[in-house]
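So the structure is just underneath, and the comments pick up after that.
A note on names: the letters A, B, ... follow the listed sequences, proteins ahead of strands, and every chain is numbered from 1. Please read all numbers here as calculations on a predicted model, not as lab measurements.
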2 protein chains.
Amino acid sequence: MGDVNPDALRGHMDALLLSVLEHEPLHGYAIIEALQERSGGALAVPTGTVYPALRRLERVGYLASEWATVGGRKRRTYRLTSSGAKQLAGERSAWREFAEVIASVLEPGVGRTKTTG
Amino acid sequence: MGDVNPDALRGHMDALLLSVLEHEPLHGYAIIEALQERSGGALAVPTGTVYPALRRLERVGYLASEWATVGGRKRRTYRLTSSGAKQLAGERSAWREFAEVIASVLEPGVGRTKTTG
DNA sequence: AGTCTACATGTAGCCTCTCTATATGTAGGC
DNA sequence: GCCTACATATAGAGAGGCTACATGTAGACT
């Protein structure tokens, strides 16, 4: 039950982040915990990955954020925008496509059985 | 049926390459075609990705190569070493783990249902 | 002969995302 | 005071896939 190879995460981080914010706004720290919980402990994404990624996602309009103070601590809470929701849907189908493609190469005979066309 | 996002391929290229060489040695150009065929046309990996990757894989001992001339054209044919076969097995289980983890975050309720606590 | 396409390999340099390491600060337990 | 958990942020490194380019053969068509 080792954790996931960092390189493999490339290009999938956005989908993960958008996904945990789908039903409720969360702040960065809570997002990291949610990722870990949902993955059964396999995803230990460092803060140096998450915070910049969240800012990037906000910059492109998929997320929006606002500051809040809870128990004397400051949090920047992120929520999914409608644009982000659309993006998430796209990321989900892209993931399914991707997983199918990789699986078809790695384990021939499973899935995509050369329907060609 | 767009092709796969290049960034998403990060860290999975090795597995793909090792996998197409599992049962038969192939040269670079044929590897690219095999990848495309096995994926139903979804994987159009550029030569600038494949050739350097093959060399890297040879450098670390997962592949071995030799030159051949077929029909007046020179080919460098790669084959899987025993070390590469072991690596491929590892890549396969890493992929299954990875796919399960991503799916568990992207589509909660499917697979890895928080067996932990 | 000249041109075009398919076959075939290779490199330089860019891009961009993830990671490591570090910095900053609050709250609460010991 | 010191340590841990909570909470955010940035600089710089590292890596690998991509674009673009360079090189060359074979065969078809004009």
| field | Position toward the 5' end of DNA chain C (nearest nucleotide), A/Thr49 or A/Gly72 | value |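 Result of the comparison: A/Thr49.
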
Which of these nucleotides, [options], is closest to any side-chain atom of [X]?
{"X": "A/His27", "options": "D/dC6, D/dT8, C/dC19", "answer": "D/dT8"}
{"X": "B/Pro52", "options": "C/dA8, C/dT11, D/dA7", "answer": "C/dT11"}
{"X": "A/Tyr29", "options": "D/dA5, C/dG10, C/dT9", "answer": "D/dA5"}

OP1 or OP2 of [N] versus the side-chain N and O atoms of [X]: is any pair under 4.0 Å?
{"X": "B/Thr47", "N": "C/dT9", "result": "no"}
{"X": "B/Arg75", "N": "C/dT9", "result": "no"}
{"X": "A/Arg76", "N": "D/dA9", "result": "yes"}
{"X": "B/Arg73", "N": "D/dT25", "result": "no"}
{"X": "A/Tyr51", "N": "D/dA9", "result": "no"}
{"X": "B/Arg56", "N": "D/dG17", "result": "yes"}
{"X": "B/Arg10", "N": "C/dT16", "result": "no"}

Calculate the interatomic distance between [X] atom [atom1] and [N] atom [atom2]; express it in whole Å.
{"X": "A/Arg55", "N": "C/dT16", "atom1": "CZ", "atom2": "C1'", "result": "18 Å"}
{"X": "A/Met13", "N": "C/dT16", "atom1": "CE", "atom2": "P", "result": "19 Å"}
{"X": "A/Gln36", "N": "D/dC6", "atom1": "CD", "atom2": "P", "result": "11 Å"}
{"X": "B/Asp14", "N": "D/dG16", "atom1": "CG", "atom2": "P", "result": "8 Å"}
{"X": "A/Ile32", "N": "D/dA9", "atom1": "CD1", "atom2": "P", "result": "11 Å"}
{"X": "B/Leu9", "N": "D/dG16", "atom1": "CG", "atom2": "P", "result": "13 Å"}
{"X": "B/Leu57", "N": "D/dA15", "atom1": "CG", "atom2": "P", "result": "16 Å"}
{"X": "A/His12", "N": "C/dT16", "atom1": "NE2", "atom2": "C1'", "result": "15 Å"}

| task | Go through the steps for B/Ser104 and A/Arg38 under the test side-chain hydrogen bond (donor to acceptor under 3.5 Å, both in side chains), then give the verdict. | result | CA-CA 6 Å; B/Ser104 70; A/Arg38 283 216 215 179; over 6 Å; no

| Salt-bridge contact A/Glu22-A/Arg79 (side-chain N to carboxylate O under 4.0 Å) |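 A salt bridge is absent here (no side-chain N lies under 4.0 Å from a carboxylate O).
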
| remark: The residue, A/Glu33 or A/Asp7, whose nearest nucleotide of DNA chain D is more 5′ is A/Glu33

| Atom pair CG/OG1 of A/Leu21 and A/Thr77 - distance to nearest 0.5 Å |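 The OG1 atom of A/Thr77 is 10.0 Å from CG of A/Leu21, to the nearest 0.5 Å.
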
| message | What's the separation between atom CZ in A/Arg76 and atom CH2 in A/Trp67, rounded to the nearest 0.5 Å? | response |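 These two atoms lie 5.0 Å from each other.
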
| Heavy-atom pair of closest approach, residues A/Gly28 and A/Tyr51 | CA-CE2, 3.8 Å

